[in-house]
Each structure stands twice: as C-alpha cells, then as structure tokens.
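The structure under discussion appears below in the form of structure tokens.
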Number of protein chains: 2
Amino acid sequence: MPELTYIGRIRTPWTRAEDCPRNAMETDVVCRVEVDAPYRAGLASLKTCTHAILLYWLDRAPRDVVTLTPPSDTVTHGVFALRAPGRPNPIGLAVVDIVAVEEDGLTVRHVDCFDGTPLLDIKPYFASVDSKPDARVGWHETRAKPLPPQGGRSKES
Amino acid sequence: MPELTYIGRIRTPWTRAEDCPRNAMETDVVCRVEVDAPYRAGLASLKTCTHAILLYWLDRAPRDVVTLTPPSDTVTHGVFALRAPGRPNPIGLAVVDIVAVEEDGLTVRHVDCFDGTPLLDIKPYFASVDSKPDARVGWHETRAKPLPPQGGRSKES
C-alpha cells in the first residue's frame, strides 16, 4: 500500500478536541498553512485563486471506525455519510478562503483541525466542478438532537 | 509515514489518458464505486445524501511534480494551483452526484478517473461548508491557450 508524504503543517489555535470548531464555517480565525521547502515552488499561481481545498492527515483519529453515532444525533450512521475524523483513511478536507499566499505557505480562513496537523495536498477550488449549492444531507436535516455547544466559534466568543 | 488502505475500486469506461474526460463535469457517464466487504456498513445513511466527495489514489500518477505547464496553457504553474493528477500525494477528488446506494457500493455521475482506481474515502457533501459558487481560479480564466479536444465527453459523442 502506498505511503503518504507530509508536505507541511497546518497551524491553528486548537490543541484539544473540545476547543476545535464543529465545522470549518463555524470559525473565521485566520490560520497558517506551512509548506515545506521542497514543495514551495508548487505554490506558484495560487495567489490568483480565491479558494483552495486542503487535504491533511488526521493523525490523532482512529482508523477502525465504520459506523458511528455522532454527538449531534441519536442514530448510528455509516462513516461515509459522516465528516467525523475517524475513518479507514483519516484524510481531512477543508474548503478554505485564501487570505494570502506567501513564499513558504498560505494564510487561510475556515480550517477546523488541530494545530500541527500534517498537510497532504492543496488543490485550487473550481466552482464549475466543486460547488453544489443545492446538495442535501438528509439524515443531518432530520436528526433528533440539536448540536451541542462547543468551542472555536470566534463569532460568539 | 502513514500507509493508506484501499477500501474499494472505482469502475469507469476509461483505461487510457486520452479517453478520460478533462474534468468531472465534462462527463455524465454513470460509474460504479465498489466498496470492499469490511467497509460496507459505512454506507449506511448515505442514501439520504444527494452528493458525495470521493477521494481516490491516482496510482498511475508521478509524485515528483512540483510545477507543471498544463496542456490547456502555455504558462508553468505550481502543482497546488492545478488539479493535475501528478503531485506529491496523488489523491484524486471528485464531487459526485449520487444516483443510487447499494449494499456493496454506489452508483454516481461525474467521475473522471481510470477504471480500477483505488478508493480511499467517501464523504457526504455539505453545501454549507463545501459549496463556494463565487470561487475564482484566476490563471485558468486568463490563460492563452484554449482547451484541446479530448475524449470521454458523452454529451458530444
């Protein structure tokens, strides 16, 4: 099986699960994506983009999760219907606003991972293929339990 | 460095680069995502979702690409401003329409990878965090060369 390569780290204010935002739009804290020296030339032209997709390795997440009852629900769902970190390949995904692109990384909004999370990839966000404003997640809309309070929500703190 | 786990395969009509669609919206061919037995319980609740994000391993792609001149341009760009398959971690990403969810996988539209591509993850698409209809990719809008003709475009064939 192929091995991943860490190409950098994501710097956020969050080190404990209870402080992390529940999802990336719950926070507008500015975070830094550090790109290691061998990969920095790959940032060329990214400053012409407004949004990027970050892929990162959720290195604290379990890999033996197939079904799960999320904290926001009373029903058990399949892991492929959830954005929970624990999954067979714990690859995190965040669609971020690009605030600035520097020589050694980028500054972004709307990341919800732990400080120091290993970076795997950065992709430009193309609205033509990536934006589906009418997409629905049925189980999430009809779940019984309201979302519990959690940290990281800068707008409320 | 962590090792990936293949959780299934993506079945498409394309076996050669020249037949693949240039991007996922260029094709509306119905494709099958096969999920291996140990992970099938993870599909529960996915049938309530309209769209999913597939992550897959581009096992034919080079990993030593940092800059590239895409076929659609005359200018060299950083790999992180491109959706080209070759990159340090060649993880492919497609936002797909879910046509049906079966016991052993799902049927989707808008995949552009080779037949047999190893599957890494399936995530539900949440419009609230994933949809950015106003996102722009500046270099792509202003590039000099028009896109070359290519295969896989069912609407034209």
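On a predicted model such as this, the values are computed, not experimentally measured, just so you know. Proteins get letters first, then strands, A, B, ... in listed order; numbering begins at 1 in each. We use all heavy atoms of the structure for the numbers below, so side chains are in, but hydrogens, waters and symmetry mates are not.
Only the side chain of A/Arg87 comes within contact range of chain B, judged by heavy atoms closer than 4.5 Å. For a residue to count as touching a neighbouring chain, one of its non-hydrogen atoms must lie under 4.5 Å from one of that chain's; by this rule A/Pro38 touches chain B with the backbone only. Both the backbone and the side chain of A/Thr5 come within less than 4.5 Å of a heavy atom in chain B. Using a 4.5 Å cut-off between heavy atoms, A/Ile53 contacts chain B through its side chain alone, with no backbone atom that close. For A/Leu120, the parts lying under 4.5 angstrom from a heavy atom of chain B are both the backbone and the side chain.
A 4.5 Å side-chain heavy-atom check between A/Val79 and B/Ile122 finds every atom pair outside the cut-off. With contacts defined as side-chain heavy-atom distances shorter than 4.5 Å, the pair A/Tyr6/B/Pro2 qualifies. Counting only heavy atoms from C-beta outward, the side chains of A/Lys132 and B/Val95 approach each other to under 4.5 Å. Using a 4.5 Å cut-off on side-chain heavy atoms (C-beta onward), A/Pro124 and B/Arg83 make contact.
Scanning all heavy atoms of the two residues, the minimum distance from B/Ile7 to A/Pro88 falls at CG2-CB, 3.8 Å. Taking every heavy atom of both residues into account, A/Trp139 and B/Thr48 meet most closely at N-OG1, 3.0 Å. The two atoms that bring A/Asp130 and B/Tyr125 nearest to each other are O-OH, 2.6 Å, heavy atoms only.
Residues B/Val111 and B/Leu58 share a single hydrophobic cluster, defined by chaining ILVMFWY side chains whose heavy atoms lie under 4.5 Å apart.
No side-chain donor-acceptor contact under 3.5 Å links B/Asn89 to the backbone of A/Asp121.
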